[in-house]
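Note sheet for the following structure.
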Amino acid sequence: MAVAQTRGPFTNEAIRTFTDSVDVASMEAALGRARAAMGRHYPIVIDGQSLDTGGQIESRNPARPGEIVGSVGSASLDQAHLAIETAARVFERWKRVPAAERAQYLFDAAEAVRRRRDDFNALLVLEVGKSWVEADADTAEAIDFLEFYAREALRYADPPALTPIAGEENRLAYIPLGVGVVIPPWNFAFAIMAGMTMAAVVTGNTVVLKPSSDSPVIAAAFVQLLHDVGLPPGVVNFLPGSGRTIGDAIVAHPKTRFIAFTGSKEVGLHINELAAKPQPGQVWIKRVIAEMGGKDSIVVAADADLEAAADGIVSSAFGFQGQKCSACSRAIIEAPVYDALEKKIVERVARITVGDPAMRDVYMGPVINEGALETILDYVHKGTKEGGRVVAGGKRAAGDGFFLEPTVIADVAPDATISQEEIFGPVLALIRASDFDDALAIANNTEFGLTGALYSRDEAKLERARDEFFVGNLYFNRKCTGAMVGGHPFGGFNMSGTDSKAGGYDYLMLFMQAKTVSKKIGSAGNGRAGGE
């Protein structure tokens, strides 16, 4: 294969809005192809070989639960161990492949995704219920991760010079860790899955990829694309399966060196606890890279532009049905403008279309599955039981799928259940703050710290928030979703995870370790006394 050459500076892939007739026709054709391929089976893949399994996982269209998008093999415990052992064996070869060659696989994969862009978009629409624009943003972000991490690998392959020491030649190199278990979420079924997987690969590690059981077909399609661009067998092993059957086993395996996880707080903490316990034969401390969700707030000061604030809140709360870890689930509004802003939010929510996202003009599709729908409705009930007032939505929406009306609950207490727990659905809590001090205190009163935003024209308030609003990604006078690779390194504090900053300039460091080599030259002495 051709080795990566010098590339221009990274730029984000443009996201389409499907106002162009050519884009619309392309997307409609891709949806037709995806529907024609529905029901296809995708086996597990270990060392490049497709293997039979005793069971399978069916992936259903959440907008039309009777439709099976596809099925994947469900790996056994023995196959899980085989995948780790295979990845460990292949790692001994892959770690020696030059960074430029590894990076080229990512550049090639990015170009392949561009050619198949609407086919991936169609899978995102059908498998996880994304609207056309949300699907295109997911695919564009996957391309961004591939392009950005490839360039970053080339940068890390040429580390900066060390401080000169007389009589010595000193070099530092970043080397890979080993076998990584990658456990991505279903909500960014393409971007996060591809980003975590290929960050590990481009830094010289091998991967066992366990996709979400709600979005395994998208992961299978990406693994096939990696095969098409020539990635060697065994570098990425595709291992869908039950978390109860294989999840703990691959995390705990003594040859697993690190785990990259995005998902719920509960699962992330379990992984962290399990990884912290050394197993017989294990010779390292496992590294956990975790992003575990949030309870994100948009604060609106009394001096804010209320039209802009209402737009940002509604977009952040109800884009992709609120199923983003960065979604605005709490609008904290200073008392003098609370009533006026509540009215503007409700007016905008009333214009949201809910339905099958395969239709171009639908803004909000289904939530991911029946269990999620019931959980969200239970939170709505808790919200009213604890004193909240439903001012929009609150019920299932029409249709056979897992549809829910965009819901706004006003007059929520800062310590109420729906103000503290992650709902992961289209439910927005409105909280009245007595003043700006109170608003900041409420914004910081949860165990999470992922994203947040502040609408204000007052530079002094912006500066205070810059210092006191404790989140990993803070935005001023804009929505709290839509982080862009390279521009908004993404990751949070507290129970939101390990602040891994995906799409940032230090992210690849999490998949490597630094080795210093010193060589005595000339007739100089052995160095001064002291030091480590």
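Salt bridge annotation for R464-D437: present, with a cationic side-chain nitrogen under 4.0 angstrom from a carboxylate oxygen. With salt bridges taken as basic N to acidic carboxylate O contacts below 4.0 Å, one links E147 and R114. At a threshold of 4.0 Å, the pair E447-K295 does not count as salt-bridged, since none of the basic side-chain nitrogens sits closer than that to a carboxylate oxygen. Ion pairing between E291 and K501 fails under the 4.0 Å rule for side-chain N and carboxylate O. Salt bridge annotation for R96-E101: absent, with no cationic side-chain nitrogen under 4.0 angstrom from a carboxylate oxygen. Between K324 and D296 there is no salt bridge, since no side-chain nitrogen of the basic residue lies less than 4.0 Å from a carboxylate oxygen of the acidic one.
A 4.5 Å side-chain heavy-atom check between F490 and M484 finds every atom pair outside the cut-off. Using a 4.5 Å heavy-atom cutoff, the side chains of K461 and V299 are not in contact. The shortest distance between side-chain heavy atoms of K210 and I250 falls below 4.5 Å. The closest side-chain heavy-atom distance from P185 to S212 is not below 4.5 Å. Between I368 and Q323, some side-chain heavy-atom pair lies under the 4.5 Å cut-off. The shortest distance between side-chain heavy atoms of L274 and I259 does not fall below 4.5 Å. Using a 4.5 Å cut-off on side-chain heavy atoms (C-beta onward), Q513 and Y174 make no contact. Counting only heavy atoms from C-beta outward, the side chains of R117 and E13 approach each other to under 4.5 Å.
Shown are V202, V485, V113; of these, the side-chain contact (heavy atoms from CB on, under 4.5 Å) with L146 is made only by V113. Partner of C328 under the side-chain contact (heavy atoms from CB on, under 4.5 Å) criterion, chosen from V314, L428, T451: L428.
In this structure a side-chain-to-backbone donor-acceptor pair under 3.5 Å is present from R257 to I285. The closest donor-acceptor contact from the side chain of D144 to the backbone of N12 lies at 3.5 Å or more, if one exists at all. For the pair W94 (side chain) and N205 (backbone), a donor-acceptor distance under 3.5 Å is present. Between the side chain of T203 and the main chain of A199, a donor-acceptor pair closer than 3.5 Å is present. Using a distance-only test at 3.5 Å, with no hydrogens or angles considered, a donor-acceptor pair links the side chain of N473 to the main chain of G491. Side-chain atoms of T256 do not come within 3.5 Å of backbone N or O of F258 as any donor-acceptor pair. Judged by distance alone, the side chain of S131 and the main-chain N or O of M364 form no donor-acceptor pair under 3.5 Å. Judged by distance alone, with hydrogens and angles left aside, the side-chain atoms of R478 form a donor-acceptor pair with the main-chain N or O of T481 at under 3.5 Å. In terms of modelled atom types and a separation under 3.5 Å, the side chain of S496 and the main chain of M292 share no donor-acceptor contact. No side-chain donor-acceptor contact under 3.5 Å links Q282 to the backbone of A252.
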S326/C480 under side chain to side chain contact (heavy atoms under 4.5 Å, CB included): CA gap, chis, key distance, verdict: CA-CA 7 Å; S326 58; C480 65; 5.7 Å; no
Residues V235, V207; criterion side chain to side chain contact (heavy atoms under 4.5 Å, CB included); working and verdict: CA-CA 6 Å; V235 174; V207 166; over 6 Å; no
Verdict with reasoning, F511 to I289, per side chain to side chain contact (heavy atoms under 4.5 Å, CB included): CA-CA 9 Å; F511 299 86; I289 305 154; 3.7 Å; yes
Residues L450, V471; criterion side chain to side chain contact (heavy atoms under 4.5 Å, CB included); working and verdict: CA-CA 5 Å; L450 186 52; V471 291; over 6 Å; no
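F190 and F120 have parallel rings, their planes meeting at less than 30° on a 0 to 90° scale where 60° marks the start of perpendicular. In this pair, F493 and F470 present their aromatic rings tilted. The plane angle is within the 30 to 60° band. Under the 30°/60° scheme for interplanar angles, the aromatic rings of F148 and Y505 are found to stand perpendicular.
Taking every heavy atom of both residues into account, F448 and N494 meet most closely at O-ND2, 4.0 Å. Contact record, I431 with S419: CD1-OG, 3.4 Å, taken as the closest heavy-atom pair. Taking each heavy atom of P9 and R151 in turn, the nearest pair found is C-NE, 3.9 Å. Listed here is the closest heavy atom pair of C325 and N187: N-ND2, 4.0 Å. When all heavy atoms of E422 and Y379 are compared, the pair lying nearest together is O-OH, 3.9 Å. Scanning all heavy atoms of the two residues, the minimum distance from F238 to A219 falls at CE1-CB, 3.9 Å.
Figure legend: K130 and F188 shown as a cation-pi pair, the cationic atom lying under 6.0 angstrom from the six-membered ring centre and within 45 degrees of its axis.
Side-chain N/O atoms of R171 and T516 include no donor and acceptor closer than 3.5 Å. A donor-acceptor pair shorter than 3.5 Å can be found between the side chains of E386 and T417. Between the side chains of T139 and N121, a donor-acceptor pair is found at a separation under 3.5 Å. S59 and E127 form a side-chain donor-acceptor contact under 3.5 Å, judged by distance and modelled atom types alone. Neither side chain, D78 nor S76, offers a donor N or O lying under 3.5 Å from an acceptor on the other.
L124 CG to D138 CG: the interatomic distance, rounded to the nearest 0.5 Å, is 4.5 Å. Atoms OH and CD1, on Y455 and I298 in that order, are 5.5 Å from each other to the nearest 0.5 Å. Here R330 contributes atom CZ and I423 contributes atom CD1; the two are 10.5 Å apart, rounded to the nearest 0.5 Å. Of the inter-residue distances, the one linking T375 atom OG1 with E421 atom CD reads 11.0 Å to the nearest 0.5 angstrom.
Here T86 pairs with I46, D47, L82, R89, V90, N237 under the side chain to side chain contact (heavy atoms under 4.5 Å, CB included) rule; sequence neighbours left out.
In the displayed structure, H81 atom NE2 is contacted under 6.0 Å by more than 12 heavy atoms of other residues, nucleotides or ligands. Enclosure of atom CD in Q279 by more than 12 non-hydrogen atoms of other residues, nucleotides or ligands within 6.0 angstrom is indicated.
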